[in-house]
Trainee: 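Attaching a single structure in structure tokens format; questions to follow.
A, B, ... follow the sequence lines: proteins, then strands. Residue 1 opens every chain.
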Protein chains: 2
Amino acid sequence: MAQERALPPVVERLWGREPVSRRGPRPRLDLGMITSAAIEIADAEGLTGVSMASVASRVGVAATALYRYVGSKEDLLTAMVDFVVSAPPDPAGRPWRDYLALWTRAQRDTLLEHPWLLQIARLTPPLGPRRLLWLDRLLAALDGVGLDDGEKINVASALTGYALTDAALVTTVGGGEPQFDDAGIEGADDYGEVLAGLLDPEAYPALSAAVRGGALRGAEGWVDDGDFRFGLELLLDGVEALISRRASGEDAG
Amino acid sequence: MAQERALPPVVERLWGREPVSRRGPRPRLDLGMITSAAIEIADAEGLTGVSMASVASRVGVAATALYRYVGSKEDLLTAMVDFVVSAPPDPAGRPWRDYLALWTRAQRDTLLEHPWLLQIARLTPPLGPRRLLWLDRLLAALDGVGLDDGEKINVASALTGYALTDAALVTTVGGGEPQFDDAGIEGADDYGEVLAGLLDPEAYPALSAAVRGGALRGAEGWVDDGDFRFGLELLLDGVEALISRRASGEDAG
DNA sequence: ACCTGAACACCGTTCAAGT
DNA sequence: ACCTGAACACCGTTCAAGT
């Protein structure tokens, strides 16, 4: 079933289907080499260091040669996102709630290890083999709990989105990573102070009170691991509520 | 209190503090004019249409003149994010759960109206007056439910993240917006078909089954308003669970 | 068929010079 | 003091020419 569709060439290559070239010299590269080089540059210098020229020179080729393998820089970024993802944790034998927590935390950790991922705009549904493996494992972990497939996929979206949000927060406000620095702000401490100076208590009554109460002081307000767990448990409680509603025989909404 | 800190000039301008120039000709522009022009271009042509040159020509000035008002293009993008945000809904008299739903949906709608927002990488904590107003109202809506300020802020993060995730999904997979098109995929239907062709059922057992079961067919799988509500209720159930735990006198975790 | 090198049309940003 | 215009160092991408 499912008539074979014409896929964009990068996606084909992502799945290991490099075209078999019959005539002419053998290719010197493949998508993996190019993408790995790009990832190494991004890890070392950030996404700004990644240009067609810099990637090409790292793999020892002229910039224009890359277009034999990648249709555009966009394509290259797409490939980077899939390649940088490692294997998902094994759900076998784990209660669904434990696995979902593990899964989400692992996603967040990947984002923190490669902060440039947060800058690659496209939060597209996965098409690459590695990202899709994560989705597969999450579905497997939710097998038999009484949700339908669409619901499980929605759960996956919500958890992925949360991992993204939290990672973005940590890399900007927290951690000393120099993302927020060019705004002249170095951490949660500063952030609270800046806000305190800016806010008119009449226009921003609730927020002013929170800031003056120290809600953003130190690691408490926005950035530590406890905060991550907080939001995660929020979501998991929601999932649990849904599951028990389904178990008690209620209709889908 | 809170010693006045040196803020980056854009942020100062965001708060309406244009520098009072004593000598020389009066400035012909202000941050608002420049930012509005940039927003109009982005709405019409997408973020790729926004260059210092295009913005400058729209306000009738040489490209280099913009640097009197904005330190860099980055700054301009930051200003765009704040300026594009409208006033938050009024929480007065609404139950917290209704307001949170309204607030999150309104955030999502803003993102859908200005899809280029999703491409502006930085998911930074808000520093501009408009985005901070949204935070203020959410805190107000949660007044008296028994959460502390840090928890309320965490709730805001989770909801904002969810709005972002959902909006990204809708603009890519759904709606006919041409984001996903250059991957050759036009909607949820196609997405399911493509996946069906790609997946090896042995390597992706759960996902293959879901796809073949039609979980991604039509609007059901990933993209409609029901899906948005689904995730939202998930989160709100989580918040409600937390609130009732607090109400029954449990300690903070 | 792969790869190169020259070339094109653009970027963001600087700086000296005008008013 | 604001704004301009020339200039700089880069981009991503094309295409004809080499092998």
Trainee: Check this for me: does the side-chain of A/Thr64 come within 3.5 Å of the base of C/dG5 through a donor and an acceptor?
Mentor: yes
Trainee: With nearest nucleotides of DNA chain D determined for B/Gly60 and B/Gly24 from heavy-atom distances, which residue corresponds to the more 5′ nucleotide?
Mentor: B/Gly24
Trainee: At less than 4.0 Å, is any side-chain N or O atom of B/Tyr69 found next to OP1 or OP2 of D/dC3? Yes or no.
Mentor: yes
Trainee: Check this for me, if you would: do A/Arg105 and A/Asp225 make a salt bridge, where the nitrogen-to-carboxylate-oxygen distance has to be below 4.0 angstrom?
Mentor: yes
Trainee: In whole angstrom, what separates A/Leu31's CG from C/dC2's P?
Mentor: 14 Å
Trainee: Measure from CD on B/Glu74 to C1' on C/dG12 and round the result to the nearest Å.
Mentor: 12 Å
Trainee: Output the rounded distance in Å from CZ (A/Arg28) to C1' (D/dT19).
Mentor: 12 Å
Trainee: Considering non-hydrogen atoms only, spot the tightest contact between A/Leu14 and A/Pro129 and give its length.
Mentor: O-CG, 3.3 Å
Trainee: Expressed as a whole number of angstroms, how long is the span from B/Asp30:CG to D/dC2:P?
Mentor: 12 Å
Trainee: With pairs taken as Watson-Crick or G-U wobble and both distances under 3.5 angstrom, which stems of at least three consecutive pairs involve DNA chain D?
Mentor: C:4-8 with D:12-16, C:12-16 with D:4-8
Trainee: Looking only at the side chain of B/Tyr67 (C-beta and beyond, no hydrogens), which of the listed nucleotides C/dT4, D/dT4, C/dG12 gets closest?
Mentor: C/dG12
Trainee: To the side chain of A/Ala62, which of D/dC3, C/dC2, C/dT4 is closest?
Mentor: C/dT4
Trainee: Using whole Å, report how far CG of B/Leu76 lies from P of C/dT13.
Mentor: 10 Å
Trainee: Any idea which of C/dC2, D/dT4, D/dC2 is nearest the B/Pro25 side chain?
Mentor: D/dC2
Trainee: May I ask you to say what B/Arg68 touches in the nucleic acid, namely base, sugar-phosphate or nothing, with a heavy-atom cut-off under 4.0 Å?
Mentor: base
Trainee: Please state how far atom CG in A/Leu77 lies from atom C1' in D/dC11, giving the value in whole angstrom units.
Mentor: 14 Å
Trainee: If I take atom CE in residue B/Met52 and atom C1' in nucleotide D/dT4, what distance separates them, rounded to the nearest angstrom?
Mentor: 15 Å
Trainee: Heavy-atom nearest nucleotide on DNA chain D for B/Arg23 versus B/Ala63: which residue maps closer to 5'?
Mentor: B/Arg23
Trainee: Is the B/Trp103 to B/Tyr162 ring centre distance short of 6.0 Å?
Mentor: no
Trainee: In this structure, how many angstroms lie between the P atom of C/dA1 and the CG atom of A/Leu29, rounded?
Mentor: 18 Å
Trainee: Is there side-chain contact between B/Thr78 and B/Val10, with heavy atoms separated by less than 4.5 Å?
Mentor: no
Trainee: Does the base of D/dG12 carry an N or O that pairs as donor and acceptor with the side chain of A/Ser51 under 3.5 Å?
Mentor: no
Trainee: So which heavy atom on A/Ser86 is nearest to which on A/Trp134, and how close?
Mentor: O-NE1, 2.8 Å
Trainee: Please name the residue in the list B/Thr35, B/Leu77, B/Leu76 that meets the side-chain contact (heavy atoms from CB on, under 4.5 Å) test with B/Val70.
Mentor: B/Leu76
Trainee: Tell me if a side-chain donor or acceptor on A/Ser54 pairs with a main-chain N or O of A/Gly49 at a distance below 3.5 Å.
Mentor: yes
Trainee: Salt-bridge test for B/Arg131 and B/Asp82: reply yes if a basic N is under 4.0 Å from a carboxylate O, no otherwise.
Mentor: no
Trainee: For the side chain of B/Lys73, starting at C-beta, report the closest nucleotide among D/dT13, D/dC3, C/dG12.
Mentor: C/dG12
